[in-house]
Amino acid sequence: MIALKSDVEIEKMRQANGIVAEVLQNMREWVVPGVTTAELDEKAEALIRDRGAIPSFKGYPPGSAYPFPGAICASVNEELVHGIPSPRVLKEGDIITVDVGTIFDGYHGDAAVTLPVGEVSQEAEDLMAVTEGALEAGIAAAQAGGHSGDISSSIQTYVEQRGYKVVREYTGHGIGREMHEDPQVPNHGKPGHGVLLRQGMTIALEPMVLISNPRVRVLDDHWTVVSRNGKLTAHFERTIAITEGEADVLSRW
Ligand code: MG
């Protein structure tokens, strides 16, 4: 079932996502050669808690044998999503995806960016630009009266026309009182398919982009998802609210 949000609920989600955005904005300065992903995680958690929010990824999912240990997902280079913060030291030329989730006043925020560590290769720059462009294309296609497939198709088309691949196993998702709500919004699909988009739907769109081959696997740590071919990957995510006009981007920075 898809939970439509009232204006009051959307404002609460704007606050939760505002805290996410603040963390990601700070990451642009925190991500430098020599820092560890565990240090980034500590800084993020401190800021989230200072704002009166809860880091939603930490301990997720409840009751799991392998609850996620970090406040952020820190995914480096070939790691696509769900990288666990660790003593790993970032080095010049790496790229890192930081994914952040918060709960504020009962509502979730969720967003992610891939950032360069110092100077990076042209290959990395191009990959990041295409992934961020795909997110913008998805947001532009999100409007009441359309379908979730319009978003999926826009993301897929943007990525594949530029010679890249979208992941199949992981998708965007509804979000609100829960981190993951209906509907699922894959990064591939057909216009006019999927669910009807209605005002008050809140969705986290999250293109995950790979080079040459879309196949992924999960490492023995039960979380980290990597490209099978070992090539670089990127992931951008924002939470939006569907309106009759342009989508309302709740995680704005
Ligand atoms: Mg998400």
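- The main-chain N or O of Lys190 is never found under 3.5 Å from a side-chain atom of Ser153 such that the two would form a donor-acceptor pair.
- With hydrogens and angles ignored, the 3.5 Å screen pairs no side-chain donor or acceptor of Thr97 with any backbone N or O of Ala234.
- Remark: the backbone N or O of Gly101 is not paired with any side-chain donor or acceptor of Asp110 at under 3.5 angstrom.
- When side chains are defined from C-beta on, Gln143 does not count as touching Leu197, because their heavy atoms never get closer than 4.5 Å.
- For the pairing with Asn77, the side chain to side chain contact (heavy atoms under 4.5 Å, CB included) check across Ile95, Val226, Thr233 returns one residue only, Ile95.
- In this structure, Ile96 and Ala74 approach most closely via the heavy-atom pair CD1-CB, 4.0 Å.
- The shortest heavy-atom contact between Tyr107 and Glu9 is OH-OE2, 2.6 Å.
- Heavy-atom minimum distance, Gly118 versus Pro33: N-CD, 4.2 Å.
- Closest approach of Tyr158 to Ala137, counting heavy atoms only: CD1-CB, 4.0 Å.
- Note that CZ of Arg228 and CZ of Arg215 are 4.5 Å apart. Values are rounded to the nearest 0.5 Å.
- In this structure, OG1 in Thr224 is found 10.5 Å from CZ in Arg217, a value given to the nearest 0.5 Å.
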_Working note: Ser152 + Val185, criterion side chain to side chain contact (heavy atoms under 4.5 Å, CB included); need CA distance, chi angles, decisive distance, verdict._
CA-CA 6 Å; Ser152 301; Val185 183; 3.8 Å; yes
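- Heavy atoms of other residues, nucleotides or ligands lying less than 6.0 angstrom from CD of Glu169 number more than 12.
- If you check the side chains of Glu22 and Asn26, you find no donor sitting under 3.5 Å from an acceptor.
- Contact between Met27 and Ala44 at its shortest, heavy atoms only, is CE-CB, 3.9 Å.
- Residues His82 and Tyr60 place their aromatic rings such that the two centres sit no closer than 6.0 Å.
- At least one donor-acceptor pair under 3.5 Å links the side chain of Asp41 to the backbone N or O of Ile72.
- Criterion: ILVMFWY side-chain heavy atoms under 4.5 Å apart, direct or through other members. Under it, Met13 and Met201 are not part of a common hydrophobic cluster.
- Proximity of a side-chain donor or acceptor of Asp150 to a complementary backbone N or O of His147 within less than 3.5 Å is detected.
- Expressed to the nearest 0.5 Å, how far CG of Leu205 lies from CD of Glu237 amounts to 8.5 Å.
- Cation-pi geometry between Arg238 and Phe236 is not met at under 6.0 angstrom from the ring centre and within 45 degrees of the axis.
- A 6.0 Å sphere centred on CZ of Arg252 holds no more than 12 heavy atoms belonging to other residues, nucleotides or ligands.
- Counting non-hydrogen atoms of neighbouring residues, nucleotides and ligands closer than 6.0 angstrom, the CD atom of Glu29 reaches no more than 12 such neighbours.
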*For salt bridge (Lys or Arg N to Asp or Glu O under 4.0 Å), just list the numbers for Glu11 and Arg14, CA-CA rounded to whole Å, side-chain angles, deciding distance to a tenth of an Å, and then say yes or no.*
CA-CA 5 Å; Glu11 289 314 309; Arg14 197 185 310 281; 3.0 Å; yes
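- Side-chain contact of Glu206 with His173: a donor-acceptor pair under 3.5 Å is present, judged by distance alone.
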*Dump the intermediate steps for salt bridge (Lys or Arg N to Asp or Glu O under 4.0 Å) on Glu181 and Lys5, then the final yes or no.*
CA-CA 12 Å; Glu181 299 184 351; Lys5 278 73 174 186; 2.8 Å; yes
*asked:* Between Val216 and Tyr170, does the side chain to side chain contact (heavy atoms under 4.5 Å, CB included) criterion hold? Intermediate values first, please.
replied: CA-CA 10 Å; Val216 295; Tyr170 301 90; 4.1 Å; yes
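- Heavy-atom minimum distance, His108 versus Glu178: CD2-C, 3.5 Å.
- A donor-acceptor pair under 3.5 Å is absent between the side-chain atoms of Ser251 and the main chain of Ala21, judged by distance alone.
- Residue Leu127 is grouped with residue Val166 when hydrophobic side chains (ILVMFWY) are merged at heavy-atom distances under 4.5 angstrom, including chains of intermediate members.
- Taking NE2 of His235 as the start and CG of Leu210 as the end, the distance is 11.5 Å to the nearest 0.5 Å.
- Ring planes of Tyr66 and His222: parallel class, angle under 30° (limits at 30 and 60°).
- The main-chain N or O of Gly176 is never found under 3.5 Å from a side-chain atom of Thr202 such that the two would form a donor-acceptor pair.
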_His180 vs Ile175, side chain to side chain contact (heavy atoms under 4.5 Å, CB included): CA-CA, chis, key distance, verdict_ = CA-CA 5 Å; His180 296 114; Ile175 179 170; over 6 Å; no
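- Here the side chain of Glu160 pairs no donor or acceptor atom with the backbone of Thr157 at under 3.5 angstrom.
- Note that CD1 of Ile84 and SG of Cys73 are 8.5 Å apart. Values are rounded to the nearest 0.5 Å.
- Using a distance-only test at 3.5 Å, with no hydrogens or angles considered, no donor-acceptor pair links the side chain of Thr36 to the main chain of Arg88.
- In this structure, Lys231 NZ and Leu80 CG are separated by 15.5 Å, a value rounded to the nearest 0.5 Å.
- Contact of the Val117 side chain with the Val32 side chain is not registered, since no non-hydrogen atoms from C-beta on lie closer than 4.5 Å.
- Remark: Gln184 CD is loosely packed, at most 12 non-hydrogen atoms of other residues, nucleotides or ligands lying under 6.0 Å away.
- No donor-acceptor pair under 3.5 Å is formed between the side chain of Thr243 and the backbone N or O of Ala247.
- Looking at Arg49 and Glu45, a side-chain N of the basic residue comes within less than 4.0 Å of a carboxylate O on the acidic one, giving a salt bridge.
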*asked:* Could you walk me through whether Val76 and Leu90 satisfy the side chain to side chain contact (heavy atoms under 4.5 Å, CB included) test, starting with their C-alpha distance in whole Å, then the side-chain angles of each, then the deciding distance to 0.1 Å, before giving a yes or no?
replied: CA-CA 8 Å; Val76 181; Leu90 295 181; 3.8 Å; yes
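- Summarising the local packing, CG of Asp50 is surrounded by more than 12 heavy atoms from other residues, nucleotides or ligands at distances under 6.0 Å.
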